[in-house]
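I have placed the structure first, in the form of structure tokens, so that the comments after it can refer back to it.
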Amino acid sequence: RWVLKLQCKGSRNFMSALRRAVEEDFKDKDKHRSQGIYLLTTGIPDQETHIVSAYVAEACRGFDLQLHVCLFGVTEDIDSSRIRPARYANPTETAIAFKEIVKVANGRFHWFGEAGIFESDDITMIVSEMEKANNYSQKCSFLVESLKQRS
């Protein structure tokens with residue numbers, strides 16, 4: 001169910017947008033089996049990470065709400081209206097903060113930039129599954145070869 005588009009014009013007031021989504025748009029949580037919030041962002045929230053994480057953990061408790069983050073790396077720290085964000089962090093610090101936030105929300109983290117994909121939980125899971133499949137395939141091959149030698 002797609003509900004709304006949250007914008008934090010001129011800032012990254014993540015807490016305000018998240019409160020609106022959780023307290024207004026997801027207030028009928030008993031009617032829905034699964035709900036997710038997708039945050040598309042270019043930088044760290046205005047609020048401290050531990051405060052955001054605590055709120056997200058509390059908001060997600062009690063029903064199946066997940067917060068997923070897509071961080072888009074940009075080279076410019078000032079947006080087109082020349083407004084500086086209230087809080088600044090370099091791209092690596094921003095990624096670390098969002099990974100902490102999505103962890104408490106059982107969500108997924110994706111980090112993209114002009115050069116491509118820097119990190120993606122989905123891609124990491126796929127690669128892990130491929131490595132497992134390759135490992136099982138090798139074990140099966142060894143087993144078949146062992147059985148051939150016995151006969």
Side-chain angles (χ1 to χ4, degrees), residues 1-140:
R1 180 175 92 117
W2 294 93
V3 178
L4 68 140
K5 173 183 169 187
L6 299 175
Q7 288 186 321
C8 306
K9 295 181 182 185
S11 75
R12 294 191 182 114
N13 191 344
F14 177 76
M15 290 293 291
S16 175
L18 185 64
R19 269 195 204 106
R20 178 173 172 227
V22 171
E23 295 171 8
E24 292 177 28
D25 296 302
F26 292 142
K27 63 185 172 194
D28 295 326
K29 55 187 164 187
D30 296 334
K31 294 180 182 178
H32 311 287
R33 288 193 296 173
S34 178
Q35 298 179 4
I37 297 174
Y38 288 81
L39 172 66
L40 309 176
T41 186
T42 59
I44 198 158
D46 289 347
Q47 297 80 18
E48 294 293 325
T49 303
H50 68 278
I51 293 170
V52 174
S53 291
Y55 182 78
V56 167
E58 183 65 29
C60 293
R61 187 175 299 142
F63 71 108
D64 190 15
L65 173 65
Q66 297 174 333
L67 172 67
H68 309 288
V69 173
C70 295
L71 174 63
F72 296 95
V74 293
T75 55
E76 186 78 27
D77 292 329
I78 304 172
D79 68 12
S80 59
S81 62
R82 312 301 290 167
I83 299 173
R84 283 204 180 270
R87 184 168 171 234
Y88 175 78
N90 70 38
T92 303
E93 293 167 337
T94 302
I96 290 168
F98 278 120
K99 282 195 272 186
E100 179 183 322
I101 292 167
V102 299
K103 183 178 178 183
V104 301
N106 295 317
R108 296 187 320 271
F109 175 72
H110 310 284
W111 182 14
F112 305 90
E114 293 173 3
I117 301 168
F118 299 122
E119 184 175 340
S120 171
D121 289 345
D122 289 346
I123 291 173
T124 301
M125 279 194 292
I126 290 169
V127 169
S128 174
E129 288 296 318
M130 291 170 62
E131 288 171 350
K132 270 194 238 175
N134 185 42
N135 186 25
Y136 288 135
S137 175
Q138 287 177 351
K139 287 179 181 178
C140 289

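These numbers come from the heavy atoms of this one structure, side chains and all, not from hydrogens, waters or symmetry mates.
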Review point. Which residues satisfy the side-chain hydrogen bond (donor to acceptor under 3.5 Å, both in side chains) test with S120, sequence neighbours excluded?
Key: H110
Exercise for review: List for me each residue that meets side-chain hydrogen bond (donor to acceptor under 3.5 Å, both in side chains) alongside E48, sequence neighbours excluded, and say none if there are none.
Suggested key: none
Check your understanding: Taking the six-membered ring for Trp, are F98 and F109 parallel (under 30°), tilted (30 to 60°) or perpendicular (over 60°)?
Key -> parallel
Check your understanding: Nearest 0.5 Å, what's the CG-CD1 distance between D46 and I51?
Key -> 11.5 Å
Practice item. Decide yes or no on side-chain contact (heavy atoms from CB on, under 4.5 Å) for V69 and R108, but give the supporting numbers first. Key: CA-CA 6 Å; V69 173; R108 296 187 320 271; over 6 Å; no
Check your understanding: At what distance, to the nearest 0.5 angstrom, does OG1 of T94 lie from NZ of K99?
Key -> 11.5 Å
Review point. Can you name the residues that form a side-chain contact (heavy atoms from CB on, under 4.5 Å) with I126, not counting sequence neighbours?
Key: M130
Review point. Who passes ring pair (Phe, Tyr, Trp, His ring centres under 6.0 Å) against H68, sequence neighbours left out?
Key: Y38
Review point. What's the shortest heavy-atom distance between T49 and A97, and which atoms?
Key: OG1-CB, 3.3 Å
Point to revise | Chi angles and distances behind the side-chain contact (heavy atoms from CB on, under 4.5 Å) call for R19, Y55 | key: CA-CA 9 Å; R19 269 195 204 106; Y55 182 78; 3.3 Å; yes
Review point. Rounded to the nearest 0.5 Å, how far apart are CG of N135 and SG of C140?
Key: 9.5 Å
**Study point:** Sub-4.5 Å side-chain heavy-atom contact between F72 and T41
**Key:** no
Check your understanding: What's the verdict on salt bridge (charged side-chain N to carboxylate O under 4.0 Å, His left out) for E129 and K132, showing C-alpha distance, side-chain angles and the deciding distance?
Key -> CA-CA 5 Å; E129 288 296 318; K132 270 194 238 175; 3.4 Å; yes
Revision key, fill the gap. Hits for salt bridge (Lys or Arg N to Asp or Glu O under 4.0 Å) against E93, two or more places apart or cross-chain, chain-then-number order -> none
Check your understanding: How close do G43 and L71 get, heavy atom to heavy atom, and via which atoms?
Key -> N-CD1, 3.9 Å
Check your understanding: Under the side-chain contact (heavy atoms from CB on, under 4.5 Å) test, which residues partner T92, sequence neighbours left out?
Key -> N90, I96, W111
Check your understanding: If you take all heavy atoms of S53 and V104, which pair is closest and at what distance?
Key -> O-CG2, 3.5 Å
Exercise for review: Find out whether M15 and V52 are in side-chain contact, i.e. whether some heavy atom of one side chain is under 4.5 Å from a heavy atom of the other.
Suggested key: yes
